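Accompanying notes for the structure given below.
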Amino acid sequence: MRDRLLQLEKAALSEISSIKNKEAVIELKNRYLGRKGELASLTKELGKLSHEERPVVGDLINSIRGRIEERVNSLLTAFAQDEREQRLKAERVDVTLPGRYLPLGNSHPITQIMDEVVSIFLGMGFKVAEGPEVETDYYNFEALNIPKDHPARDMQDTFYISDDVLLRTHTSPVQIRVMQGKKPPLRVIAPGKVYRRDSDITHTPMFHQVEGFMVDESITFGDLKGVLTAFLHSLFREDIAIRFRPSFFPFTEPSVEVDIQCVMCNGKGCRVCKGSGWLEILGAGMIHPMVFKAVDYDSERYTGFAFGLGIERIAMLKYGIDDIRMFFENDVRFLRQF
Ligand code: FA5
């Protein structure tokens, strides 16, 4: 029994010395030291020994198990360390390598102007509202004091989807939607896309407007002038000249169009301002009592002003672009300049 045990130890240790990988160590450990392993089956034979021999051989079995276990464990530790080193080597990052170039995009010039306009009004305490681009005739025209067959409908050539449904021609319907849901005081802007059957160097079938309106007791034309002047000074230059010209919109009375001094020639007269020295920038006015009637506001108690500006028009002026269609051709050579 003693000899068999010593032979087993010798065989195990010699196998261990030539082992090449972790899996083989585990297999060997099970084979020699496992519950059904070789050492266990020899241990079962202890019963056959004499009373005196049993503890001696038992001690020998334990010490052999200890020695094999020690070698096996130190091998497993060595393999684990090896594995870790390999992994660290493979995962090492060379911080001296040149970085990968990621081309950086930027927002579209129209988005940039839109963001700037919205941010100026947010600074004046206005809140942003939105409305649908597919609108009903009622919100786009009727509630804004433009009944069917009214000649003012010709001012905005409309894309109709059906008799009563259309692509909104301006952001003014958002006035109605907001006022239907809320009571004054209101200070709201409504940026968004609008659509008209228009196409030339200053008109596109889709363009962007920002509507704005303020309603409360005792809002006056002076408030309209003050807010729009502060806005235009902030958007262009503090010292730019501004003029208010009488105009007509069915949903405002009185109505104005606002011009700024031509930013290209500083008012001297050039091709962009067609020699006049002025550029039209927005439409505005005091909200018409008929509009208040449509949303059930008491026009004896409340007054308000509203305005609507074209974002593309402003972008053309700020960047000196003379064909509006450039914004929608998506030529990257053009877009990269902003
Ligand atoms: C309106 O759309 C009114 N709803 C504005 C308004 C609101 C007046 C509230 C009073 C009170 P108008 O049709 O003028 O007005 O358009 C406003 C601006 O949109 C114009 O000054 C112009 O800058 C721009 N615009 C109009 N048509 C086009 C187009 N086809 N392409 C690009 N911009 C356009």
Side-chain angles (χ1 to χ4, degrees), residues 109-110 113-114 117 121 126 129 131 133 135 139-146 150-159 166-179 186 188-215 219 221 223-225 227-228 231-232 235 244-260 272-273 278-292 303-318 321-328:
I110 296 300
I113 298 286
M114 190 65 120
V117 168
F121 282 111
F126 282 71
E133 287 169 31
E135 208 21 303
Y139 284 105
N140 196 80
F141 292 125
E142 207 103 3
L144 289 163
N145 195 30
I146 320 175
H150 191 285
R153 288 205 178 197
D154 296 342
M155 289 166 75
Q156 304 175 357
D157 214 348
T158 310
F159 288 112
L166 45 84
L167 295 182
R168 68 177 178 191
T169 56
H170 52 175
T171 41
S172 300
V174 186
Q175 282 185 41
I176 306 296
R177 289 184 175 274
V178 171
M179 288 194 279
L186 292 175
V188 176
I189 49 165
K193 293 188 176 78
V194 300
Y195 304 83
R196 291 184 196 179
R197 293 164 52 131
D198 252 347
S199 186
D200 57 43
I201 65 163
T202 54
H203 297 86
T204 45
M206 184 285 294
F207 60 101
H208 297 78
Q209 285 190 339
V210 173
E211 190 82 8
F213 55 99
M214 192 162 164
V215 183
I219 297 283
F221 197 87
D223 295 311
L224 179 155
K225 274 188 88 170
V227 167
L228 290 180
F231 161 69
L232 291 171
L235 186 65
F244 290 74
R245 250 184 318 108
S247 183
F248 170 79
F249 296 102
F251 33 91
T252 49
E253 180 60 37
S255 302
V256 286
E257 272 176 321
V258 181
D259 298 339
I260 56 166
V272 174
C273 60
W278 295 96
L279 295 161
E280 183 213 315
I281 197 99
L282 57 89
M286 298 306 290
I287 298 175
H288 199 289
M290 286 299 279
V291 174
F292 282 149
T303 51
F305 67 79
F307 59 88
L309 50 97
I311 292 293
E312 281 75 3
R313 197 60 55 85
I314 291 175
M316 288 169 82
L317 296 178
K318 278 204 96 164
I321 290 154
D322 57 10
D323 187 339
I324 191 174
R325 292 168 296 197
M326 303 276 275
F327 289 122
F328 303 109

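Please read all numbers here as calculations on a predicted model, not as lab measurements. Start at 1 and go down the list; that is how both ligands and their atoms are numbered. Numbers here simply count residues along the sequence, with the first being 1.
Taken from CG in L228 to CD1 in I260, the straight-line distance is 12.5 Å, to the nearest 0.5 Å. Here the NE2-CG distance, from H288 to N145, works out to 5.0 Å after rounding to the nearest 0.5 Å. Going from atom NE2 of H170 over to atom CD of Q175 covers 8.5 Å, rounded to the nearest 0.5 Å. We find the CD1-CD distance between I110 and E312 to be 4.0 Å, quoted to the nearest 0.5 Å.
At a heavy-atom distance under 4.0 Å, no atom of S255 approaches ligand 1. Neither the backbone nor the side chain of E257 comes within contact range of ligand 1; no heavy atom lies under 4.0 Å. Contact annotation: for I324 versus ligand 1, heavy atoms closer than 4.0 Å belong to the side chain alone.
Between T169 and ligand 1, not a single N/O pair is under 3.5 Å apart. Checked by distance only, ligand 1 and D198 come closer than 3.5 Å through their nitrogen or oxygen atoms. At a 3.5 angstrom cut-off on N or O pairs, S172 counts as close to ligand 1.
Every heavy atom of E312 sits 4.0 Å or more from the atoms of ligand 1. Heavy-atom separations between F213 and ligand 1 are all 4.0 Å or longer.
Heavy atoms of other residues, nucleotides or ligands lying less than 6.0 angstrom from NZ of K225 number 12 at most. Atom CZ of R245 has more than 12 heavy atoms from other residues, nucleotides or ligands within 6.0 Å.
For F251 and F213, the gap between ring centers reaches or exceeds 6.0 Å. In summary, the aromatic rings of H208 and F327 are positioned with their centroids too far apart to meet the 6.0 Å limit.
For atom 33 (N) of ligand 1, the choice among F251, F327, F207 with the nearest heavy atom turns out to be F207.
Of the protein's heavy atoms, Q209 NE2, 3.4 Å lies nearest to atom 16 (O) of ligand 1. Nearest non-hydrogen protein atom to atom 2 (O) of ligand 1 is R196 NH2, 2.8 Å. The protein heavy atom nearest to atom 20 (C) of ligand 1 is E280 OE2, 4.1 Å. Among protein heavy atoms, atom 5 (C) of ligand 1 sits closest to G308 CA, 3.8 Å. For atom 9 (C) of ligand 1, the closest heavy atom belonging to the protein is E211 OE2, 3.3 Å. Here the heavy atom of the protein found nearest to atom 15 (O) of ligand 1 is F249 CE2, 3.5 Å. Annotation: atom 31 (N) of ligand 1 to nearest protein heavy atom, T204 N, 3.1 Å.
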Test log, rule side-chain contact (heavy atoms from CB on, under 4.5 Å), inputs I311 and F207: CA-CA 8 Å; I311 292 293; F207 60 101; over 6 Å; no
Residues V178, V174; criterion side-chain contact (heavy atoms from CB on, under 4.5 Å); working and verdict: CA-CA 6 Å; V178 171; V174 186; 3.9 Å; yes
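The shortest heavy-atom contact between W278 and D259 is CE3-CB, 3.9 Å. Minimum heavy-atom separation, V256 to F244: CG2-CD2, 4.2 Å. Nearest heavy atoms, T169 versus R196: O-NE, 2.8 Å.
Ligand 1 places these atoms under 4.0 Å from at least one heavy atom of R313: 22 (C), 23 (O). Numbered from 1 in the order shown, with element, the atoms of ligand 1 that lie under 4.0 Å from a heavy atom of T252 read 10 (C), 11 (C). Using a 4.0 Å cut-off to heavy atoms of F307, the atoms of ligand 1 that qualify are 7 (C), 9 (C), 11 (C). Set against the non-hydrogen atoms of A306, the atoms of ligand 1 under 4.0 Å away are 9 (C), 11 (C). Set against the non-hydrogen atoms of G283, the atoms of ligand 1 under 4.0 Å away are 6 (C), 8 (C), 10 (C).
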